[in-house]
There are 2 protein chains.
Amino acid sequence: MIEDKTPQKTSIAQLGEFGLIDYLTQHFEISNESTVKGIGDDAAVLDFGNKKVVVSTDLLIEGVHFDLAYMPLKHLGYKAISVNVSDIYAMNAKATQVTVSIAVSNRFPLEALEELYAGITLASKQFGVDVIGGDTTSSQKGLIISVTALGEAEENTVVYRNGANENDLLVVSGDLGAAYMGLQVLEREKQVFMVNPNNQPDLDEYTYLIERQLKPEARKDVPEILKALEIVPTAMIDISDGLSSEILHLSKQSNVGCNLFEDKLPLDPQFINVCEEFNIDSTTIALNGGEDYELLFTIKMDDYDKLKGNPHFTVIGHMTAASEGCHLVTRANTKIELKARGWNALTEE
Amino acid sequence: MIEDKTPQKTSIAQLGEFGLIDYLTQHFEISNESTVKGIGDDAAVLDFGNKKVVVSTDLLIEGVHFDLAYMPLKHLGYKAISVNVSDIYAMNAKATQVTVSIAVSNRFPLEALEELYAGITLASKQFGVDVIGGDTTSSQKGLIISVTALGEAEENTVVYRNGANENDLLVVSGDLGAAYMGLQVLEREKQVFMVNPNNQPDLDEYTYLIERQLKPEARKDVPEILKALEIVPTAMIDISDGLSSEILHLSKQSNVGCNLFEDKLPLDPQFINVCEEFNIDSTTIALNGGEDYELLFTIKMDDYDKLKGNPHFTVIGHMTAASEGCHLVTRANTKIELKARGWNALTEE
């Protein structure tokens with residue numbers, strides 16, 4: 001019935017996920033004084049008194065965001081919380097509460113849901129958040145998880161995406177690309193398993209990569225470390241869709257350009273080995289892999305000394321004038337324009 | 001793979017929705033000072049300073065909660081917001097923000113989503129809430145909507161489900177059962193349409209009922225009126241699952257019993273007519289219909305004079321000792337035990 005309404009239709013895939021969000025949300029107006037920040041950042045920011053309240057939400061769909069063939073339900077529950085609180089940390093805030101709604105088809109026995117909730121409980125302890133509500137219902141197909149995370153922030157240390165300035169340094173926590181290669185390993189093992197179900201995979205040499213994919217750890221520690229170092233980033237974002245994509249978001253919203261240096265990209269040795277094994281260019285994966293849930297932020301040049309040598313952080317570039325655009329400076333010292341090739345749920349089907 | 005894990009399985013349907021929520025959430029602990037109220041009420045309550053923050057969340061699944069054959073997308077968007085802010089009003093609070101996440105299969109053209117968002121926008125204006133975020137992704141099947149609503153409340157006027165006392169009066173806003181009968185009318189028209197698609201239904205005499213089903217209006221005005229009347233209810237809940245079911249929730253959590261009077265149930269004349277037309281007992285529907293999104297609350301006997309004669313409210317019973325149980329006192333003055341026969345998403349499949 002719906003499809004017949006007008007003869008000319010726009011495909012959702014044409015717009016892409018971000019285009020779709022921008023398009024659909026352009027008419028929303030803010031009318032409450034307590035709304036400091038609505039759509040357009042990792043999380044919304046509210047002000048109900050002494051503290052800012054930070055809110056973020058995500059929807060995870062079986063067959064789109066996860067495959068239960070190799071994602072154990074306990075890990076899935078853990079990941080659902082982790083990816084949400086990551087958005088709170090990306091505001092330089094402390095995650096405090098989550099709501100968790102699930103829809104399941106009747107094929108799921110209770111024991112499966114217990115596994116899922118065991119992961120949710122573990123993550124809520126790990127990240128120090130209270131599960132304060134949710135909805136549970138049936139689905140027509142598969143498992144659907146919706147999580148909303150809330151956090152609190154101080155007015156003078158909450159960090160948005162749009163505050164980066166020319167000459168600021170670009171910093172990333174942890175290392176890049178491992179979650180994506182973990183997924184490649186798991187996909188390969190799934191194929192092997194389908195051919196020979198008795199084959200027990202030896203995944204020892206891929207432990208770190210698989211853990212990065214199945215049990216991503218949101219960087220709760222980063223806002224804490226930054227506070228201890230007395231650094232307030234000028235802009236911050238989490239890396240869920242890949243480094244390139246997130247750098248472009250941050251640069252666009254801050255109206256600056258960026259030079260990113262290939263030789264500075266922090267890569268784990270296991271990641272480099274597996275890229276060679278799969279014959280894949282490690283830089284391409286580090287730039288576009290996604291799902292690392294590390295934090296990307298910019299700091300004033302003056303803050304460099306405070307952060308220098310800190311094992312959690314790597315300076316990977318600097319911001320430029322918007323007119324210069326965003327580029328990767330390769331090891332061969334050539335400049336390549338950065339493009340977003342991040343994972344896009346709406347075109348993957 | 002999941003189904004093989006243990007030989008003995010518990011079916012989700014056996015537990016029912018509320019049993020499942022209780023079961024799955026029993027291990028969650030509260031660790032943050034700012035969490036005043038977690039799971040167990042219409043919404044969670046947080047304290048970030050001067051005001052309480054109230055949070056509620058719902059998941060709506062195509063084929064489970066709505067049927068696009070007779071639910072226009074604009075109405076669906078409106079309803080998704082309305083049912084969520086209703087939970088905020090049920091805390092005697094003011095709704096202030098919502099996050100809206102949607103998952104859609106590629107069969108939805110952009111124009112359909114625009115309709116959906118037009119309804120969301122209309123509702124956000126109607127209820128005075130800011131849409132502050134959300135997630136948009138693809139689904140494997142159908143449309144999924146997840147809404148989280150936030151609101152603010154004063155510490156001394158926030159109302160929980162568990163505060164009712166013996167001798168308190170039981171009050172309901174608006175009228176009962178109309179949304180359910182609206183659904184019956186729409187279901188009948190759908191059957192007629194399937195037999196003869198050229199038949200244009202004449203729905204004039206069902207307008208009120210259909211509107212109650214398709215475009216439920218959460219009672220934003222009730223907390224405002226109560227404030228003006230200087231009444232703070234002792235307990236409050238919204239009627240989404242049917243009057244009986246909600247009375248039992250409120251009584252159980254308050255540890256009281258209840259006498260509900262059949263002759264006091266507020267019924268719209270159109271509702272009574274259609275019940276006769278369908279040959280359905282109107283009391284049964286008023287008790288169990290669900291989706292009315294009116295507010296049910298208890299007040300101290302001393303507050304009766306303030307509320308007497310107010311066209312928005314009807315006193316329908318009073319609370320008793322828990323040992324007396326919950327009963328309907330019929331027109332024939334016999335007592336029938338109240339049972340929850342509300343709509344249950346997990347057993348309906």
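In this text the structure is predicted, and so the values were computed from the model without any measurement. The sequence lines fix the lettering, A, B, ..., with proteins before strands; numbering per chain opens at 1.
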Peer 1: Taking side-chain contact (heavy atoms from CB on, under 4.5 Å) as the criterion, tell me which of A/Val53, A/Thr148, A/Ile132 meets it with B/Val55.
Peer 2: A/Ile132
Peer 1: Ignoring hydrogens, what is the shortest heavy-atom contact between B/Thr57 and A/Ser101? Give both atom names and the distance.
Peer 2: CG2-OG, 3.5 Å
Peer 1: With sequence neighbours left out, write down each residue that passes side-chain contact (heavy atoms from CB on, under 4.5 Å) with A/Ala80, or none if nothing qualifies.
Peer 2: A/Leu60, A/Ile145, A/Val147
Peer 1: Looking at every non-hydrogen atom in both residues, tell me the closest pair between B/Ala103 and A/Ile61 and how far apart they are.
Peer 2: CB-CD1, 3.5 Å
Peer 1: Who are the ring pair (Phe, Tyr, Trp, His ring centres under 6.0 Å) partners of A/Tyr78, not counting sequence neighbours?
Peer 2: A/Phe127
Peer 1: How long is the span from the NZ atom in B/Lys141 to the CD1 atom in A/Ile144, to the nearest 0.5 Å?
Peer 2: 11.0 Å
Peer 1: Considering non-hydrogen atoms only, spot the tightest contact between B/Ile102 and A/Leu59 and give its length.
Peer 2: C-CD2, 3.7 Å
Peer 1: Could you grab the distance from atom OG1 of A/Thr137 to atom CG of B/Asp58, nearest 0.5 Å is fine?
Peer 2: 9.5 Å
Peer 1: Drop me the distance from B/Glu62's CD to A/Ser139's OG, to the nearest 0.5 angstrom.
Peer 2: 12.5 Å
